[in-house]
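A quick write-up on the structure given underneath.
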Amino acid sequence: MTQRIKAIRGMNDILPQDSPVWQFLESRVRQLLSQYGYGEIRLPIVEYTDLFKRSIGEVTDIVEKEMYTFEDRNGESLTLRPEGTASCVRAGEEHGLLYNQVQRLWYTGPMFRYEKPQKGRYRQFHQVGVETFGMGTPDIDAELIIMTARLWRDLGISDLVTLQLNSLGSNTARAEFRAALVAFLQERREQLDEDSKRRLESNPLRVLDSKDQGTQAVLKNAPSLLDFLDAESRDHFEQLKAMLTAAGVKFEINSRLVRGLDYYCKTVFEWVTSALGAQGTVCAGGRYDGLVEQLGGKATPAVGFAMGMERLVLLLDAAGVVQHLTPAPDVYVVSEDATAALLLAESLRNQAPSLKVQCHCGGGKFKKQLKKADDIGARFALILGESEISSGQVGIKFLREAREQITLSQTQLHTFFAQILAAQE
Ligand code: ATP
Ligand code: MG
């Protein structure tokens with residue numbers, strides 16, 4: 001027997017019974033972003049590897065061990081995008097969207113990271129990302145966070161998420177903090193996990209987001225980044241907190257929140273939930289004022305976030321917000337004359353575009369076709385027998401009501417469904 005080919009581990013199919021919850025989430029997100037005046041940008045899935053190395057940073061989980069990198073046929077190194085910010089900055093620069101302008105952009109699509117697959121962590125996953133450019137003041141940081149808080153309300157999951165907030169300060173402030181952190185950790189080097197020992201030399205801030213429990217215990221008494229903030233970053237952070245408080249958005253300060261990418265400065269935040277086990281972050285972001293310049297553009301303030309769609313779908317499931325049902329058709333057309341059935345279905349779709357009409361295809365006797373109509377959950381079966389066809393009429397069988405079958409002319413049929421639809425609205 002031929003061996004079956006399966007999907008790649010960590011890359012999921014989303015089946016028809018699961019897509020209603022995805023569609024619900026996607027439509028709420030689109031509505032929200034248009035409400036706030038964000039424009040959609042569609043970006044390629046593959047980019048030059050250097051784009052991610054230069055933006056995310058060489059000594060990060062993503063670049064060190066998670067990228068899907070391969071050589072193109074002409075020997076160039078390409079990578080399946082692990083995130084969208086770098087591509088968004090690249091595209092913005094390439095098309096002159098960033099120079100001396102204010103932009104509010106968003107994108108969605110699959111991202112790829114070679115991670116250990118588990119609940120809420122996959123190798124192909126989906127993000128909605130939001131990036132803003134040209135605004136350095138804390139009001140835009142606040143707007144982004146207030147917008148996400150509105151989304152949780154719209155989705156009915158506000159009770160399941162909390163906001164964690166931190167400030168990473170300026171480059172200078174971080175350098176001073178780094179020195180203090182390294183001095184502290186050097187004295188406790190033996191208690192750190194292997195990755196952290198290595199990062200102590202290469203990128204010590206990364207030690208703060210180690211997931212190792214031993215390392216986390218050591219970090220409890222480590223110096224706090226917030227004590228090293230420069231005056232400007234401190235002021236920015238204070239204003240942001242005041243704006244969030246004024247808008248009624250609750251937050252917790254987490255001074256160890258550094259985010260797994262190199263490009264952040266000042267504000268960083270994560271929306272976390274305890275409903276999904278270890279994979280608790282559903283939305284994460286921050287300010288990256290240095291990135292545009294780092295990728296060859298003019299210095300441009302920027303702040304954004306990305307949310308993990310699979311984790312949000314899991315949360316919506318946990319909250320029971322959407323029923324997993326493929327919607328049943330309103331009408332199921334049954335006939336032994338396939339052409340007559342197809343034409344009747346077409347004319348109904350012309351007359352009543354919002355009616356869900358399914359035509360029985362695949363042949364078979366009336367009885368079998370009617371059973372199918374019932375099994376599938378249709379409300380009406382439209383019956384076209386020989387006598388109906390010759391007299392230009394249609395039989396209607398009520399599959400969900402105790403009501404006698406009726407026979408209508410084709411014109412009466414349209415009025416009948418117009419009334420049904422009007423009653424549904
Ligand atoms: P984590 O700490 O969980 O690894 P991260 O800091 O690597 O997350 P980001 O790069 O900030 O994640 O991506 C933003 C969001 O995308 C995350 O908060 C999460 O919701 C989602 N996400 C990241 N990696 C994955 C993955 N492998 N599978 C599913 N969702 C993911
Ligand atoms: Mg990660």
Side-chain angles (χ1 to χ4, degrees), residues 7-14 22 25 29 52 55-57 59-68 79-89 106-131 144-145 148 151-152 155 157 160-166 168 195 199 203 205-212 215-216 254 256-264 267-288 291 302-318:
I8 297 166
R9 211 159 92 85
M11 304 207 177
N12 300 315
D13 303 303
I14 298 164
W22 281 84
L25 174 59
V29 168
F52 302 115
S55 54
I56 297 168
V59 191
T60 55
D61 275 353
I62 294 182
V63 173
E64 278 185 340
K65 34 186 190 192
E66 296 175 359
M67 292 204 305
Y68 278 91
T79 294
L80 298 186
R81 62 179 184 194
E83 57 111 45
T85 306
S87 310
C88 191
V89 170
W106 75 277
Y107 50 82
T108 184
M111 306 293 160
F112 302 84
R113 296 185 194 177
Y114 191 81
E115 301 201 68
K116 191 166 162 250
Q118 53 200 287
K119 183 181 172 192
R121 189 176 295 285
Y122 311 102
R123 290 181 174 174
Q124 174 175 325
F125 62 100
H126 298 78
Q127 284 184 341
V128 163
V130 172
E131 318 289 353
L144 282 177
I145 293 174
T148 49
L151 179 63
W152 315 141
L155 295 172
I157 53 171
L160 297 172
V161 290
T162 53
L163 174 63
Q164 299 207 337
L165 202 59
N166 194 20
L168 301 182
D195 267 353
R199 286 179 177 176
N203 193 346
L205 282 192
R206 280 287 82 75
V207 176
L208 292 181
D209 59 18
S210 162
K211 296 199 165 74
D212 181 79
T215 300
Q216 279 301 331
N254 175 358
R256 291 215 294 277
L257 184 67
V258 288
R259 312 278 306 109
L261 306 87
D262 269 358
Y263 48 62
Y264 290 109
T267 312
V268 287
F269 68 92
E270 288 194 358
W271 284 98
V272 296
T273 177
S274 53
L276 299 179
Q279 275 53 252
T281 306
V282 293
C283 173
R287 188 164 270 286
Y288 51 96
L291 184 60
V303 52
F305 65 80
M307 46 198 176
M309 301 298 270
E310 279 77 3
R311 293 186 193 176
L312 285 170
V313 163
L314 287 167
L315 256 195
L316 288 169
D317 282 346

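Values reported hereafter were calculated over all heavy atoms of this structure, with side chains retained and with hydrogens, waters and symmetry mates removed. Indexing begins at 1, ligand by ligand and atom by atom, following the structure's order.
- Screening residues 111-121 for salt bridge (charged side-chain N to carboxylate O under 4.0 Å, His left out), with sequence neighbours left out, gives Glu115-Arg121.
- Under the 4.5 Å side-chain criterion, counting only non-hydrogen atoms from C-beta, Leu160 is not in contact with Trp152.
- Remark: side-chain polar atoms of Arg287 are not paired, donor with acceptor, to backbone N or O of Thr267 under 3.5 angstrom.
- A salt bridge links Glu64 to Arg199: one of the charged nitrogens lies within less than 4.0 Å of a carboxylate oxygen.
- Contact check for Lys65 versus Asp195: side-chain heavy atoms found under the 4.5 Å cut-off.
- The contact set between ligand 1 and Arg259, taken as ligand atoms under 4.0 Å from a residue heavy atom, comprises 6 (O), 9 (P), 11 (O).
- The residue from Phe125, Tyr122, Tyr264, Phe112 that puts a heavy atom closest to atom 25 (C) of ligand 1 is Phe125.
- Evaluation of the side-chain contact (heavy atoms from CB on, under 4.5 Å) rule for Ala302 yields Phe133, Tyr288 as partners, not counting sequence neighbours.
- Under the 4.0 angstrom criterion for non-hydrogen atoms, Glu310 is not in contact with ligand 1.
- The shell of residues lying under 4.0 angstrom from ligand 1, judged by heavy atoms, includes Arg121.
- Each of the atoms 17 (C), 18 (O), 19 (C), 20 (O) of ligand 1 lies under 4.0 Å from some heavy atom of Thr281.
- The atoms of ligand 1 that sit less than 4.0 Å from any heavy atom of Arg113 are 5 (P), 7 (O), 9 (P), 10 (O), 12 (O), 13 (O), 23 (C), 24 (N).
- Residue contacts with ligand 1, taken as heavy atom pairs separated by less than 4.0 Å, do not involve Glu83 at all.
- Ligand 1 places these atoms under 4.0 Å from at least one heavy atom of Val282: 20 (O).
- Within the structure, ligand 1 lacks Glu270 among the residues with a heavy atom less than 4.0 angstrom away.
- The shell of residues lying under 4.0 angstrom from ligand 1, judged by heavy atoms, includes Lys211.
- Gln124 places no side-chain N or O within donor-acceptor distance of the main-chain N or O of Asn12, the cut-off being under 3.5 Å.
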